[in-house]
Amino acid sequence: EPEVTQTPSHQVTQMGQEVILRCVPISNHLYFYWYRQILGQKVEFLVSFYNNEISEKSEIFDDQFSVERPDGSNFTLKIRSTKLEDSAMYFCASSRPGTDTQYFGPGTRLTVL
Amino acid sequence: GENVEQHPSTLSVQEGDSAVIKCTYSDSASNYFPWYKQELGKRPQLIIDIRSNVGEKKDQRIAVTLNKTAKHFSLHITETQPEDSAVYFCAASTRVTGGGNKLTFGTGTQLKVEL
């Protein structure tokens, strides 16, 4: 069964550095999402992406965040200048047309020092 | 925006007993309600879902009920087993204008099934 994949599984960075988190959604899915989960807390929506555009973003998704689909398979989340509070697990998800079911990747644990 | 409340935050049951987790939501436009199971350090795994035009759905030992009028939905697990121990999240889905949908999650329930 196809799954969403994410790389790296764990990223450690210094405050102020840029990071790029990578995701490969399921191949016939057209809607892509990023969520984050701070340790011990609930999963929070960051952004949805469809047809090469952001379709919705949350208050968390400020100017420091950006998303891109650089080719036919990858979907990336960039944080330009990381802060300590960006430390969290970041999940990518995807869904196919005609359904609301979202499938989550294994996550990237981002640690900002 | 949507707000989802989930109770209880922790639930401990004896193996073989039933477990019930309850959620409420605020946005009447929400039309899809999935439940995810998350084991420590792992991705959320969809275990069951229900659409707003359905009142109840069952899949083996797991069932979900939805009361659209009261804006609450519940997860029922019967004959619990130790491998059911995990954090369970409810979510409410709202359509996004540009395409797709947005999930708003509850705060999670830590279920522990004791032998």
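Lettering follows sequence order; numbering is per chain, from 1. Only a predicted model underlies this, so the values are computations on that prediction, with no experimental measurement involved.
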Relative to chain A, which segment of B:Q38 carries a heavy atom at a distance below 4.5 Å: side chain, backbone, both, or neither? side chain
Consider only side-chain heavy atoms of I, L, V, M, F, W and Y, link residues closer than 4.5 Å, and tell whether A:F49 and A:V47 are in one cluster. yes
For A:E18, does the CD atom have more than 12 heavy-atom neighbours from other residues, nucleotides or ligands under 6.0 Å away? yes
Output the option from B:V96, B:T104, B:N31 having the highest count of non-hydrogen pairs under 4.5 Å with chain A. B:V96
Between B:D49 and chain A, with a heavy-atom cut-off of 4.5 Å, which part of the residue counts as in contact: side chain, backbone, both or neither? side chain
If you count heavy-atom pairs under 4.5 Å between each of B:L46, B:T97, B:L103, B:T107 and chain A, which one has the most? B:L103
Options A:Y50, A:Y33, A:F32, ranked by heavy-atom pairs under 4.5 Å with chain B, top entry: A:Y33
Part of A:F91 within contact of chain B (heavy atom distance under 4.5 Å): side chain
Are more than 12 heavy atoms from other residues, nucleotides or ligands located less than 6.0 Å from atom CD of B:Q60? no
Atom NZ of residue position A:K42 - does it have more than 12 heavy atoms of other residues, nucleotides or ligands inside 6.0 Å? yes
Do side-chain atoms of B:N101 reach the backbone of A:D100 as a donor and acceptor pair under 3.5 angstrom? yes
Could you check if a side-chain atom of A:E3 sits within less than 4.5 angstrom of a side-chain atom of B:R43, using non-hydrogen atoms only? yes
If Ile, Leu, Val, Met, Phe, Trp and Tyr residues are connected whenever their side-chain heavy atoms lie under 4.5 Å apart, and connections chain through other members, are A:M89 and A:V4 in the same group? no
Would you say B:L40 has more than 12 foreign heavy atoms packed within less than 6.0 Å of its CG? no
Could you pull out the closest heavy-atom pair between B:G99 and A:S55, with the gap in Å? O-OG, 3.3 Å
Treat each ILVMFWY residue as a node, draw an edge where side-chain heavy atoms are under 4.5 Å apart, and state whether A:I38 and A:M15 are in one component. no
Choice from B:P44, B:P34, B:A91 maximising heavy atom contacts with chain A below 4.5 Å: B:P44
Atom group of A:E53 that falls short of 4.5 Å from chain B, counting heavy atoms: neither
Between A:S48, A:G105, A:G107, the one whose heavy-atom pairs under 4.5 Å with chain B are most numerous: A:G105
Would you say CD of A:E85 has more than 12 non-hydrogen atoms from neighbouring residues, nucleotides or ligands within 6.0 angstrom? yes
What part of A:S58 gets within 4.5 angstrom of chain B, counting heavy atoms only: side chain, backbone, both, or neither? neither
Does B:E2 reach the side chain of A:F45, with side-chain heavy atoms less than 4.5 Å apart? no
Is there a continuous path of hydrophobic side-chain contacts, each under 4.5 Å between heavy atoms, that joins A:V43 to A:Y103? no
Quick one: are A:Q102 and B:Y36 in side-chain contact, heavy atoms under 4.5 Å? yes
Same cluster or not: are A:I26 and A:Y35 linked, directly or through other Ile, Leu, Val, Met, Phe, Trp or Tyr residues, by side-chain heavy atoms under 4.5 angstrom apart? no
Side chain, backbone, both or neither of B:K102 within contact of chain A (heavy atoms, under 4.5 Å): both
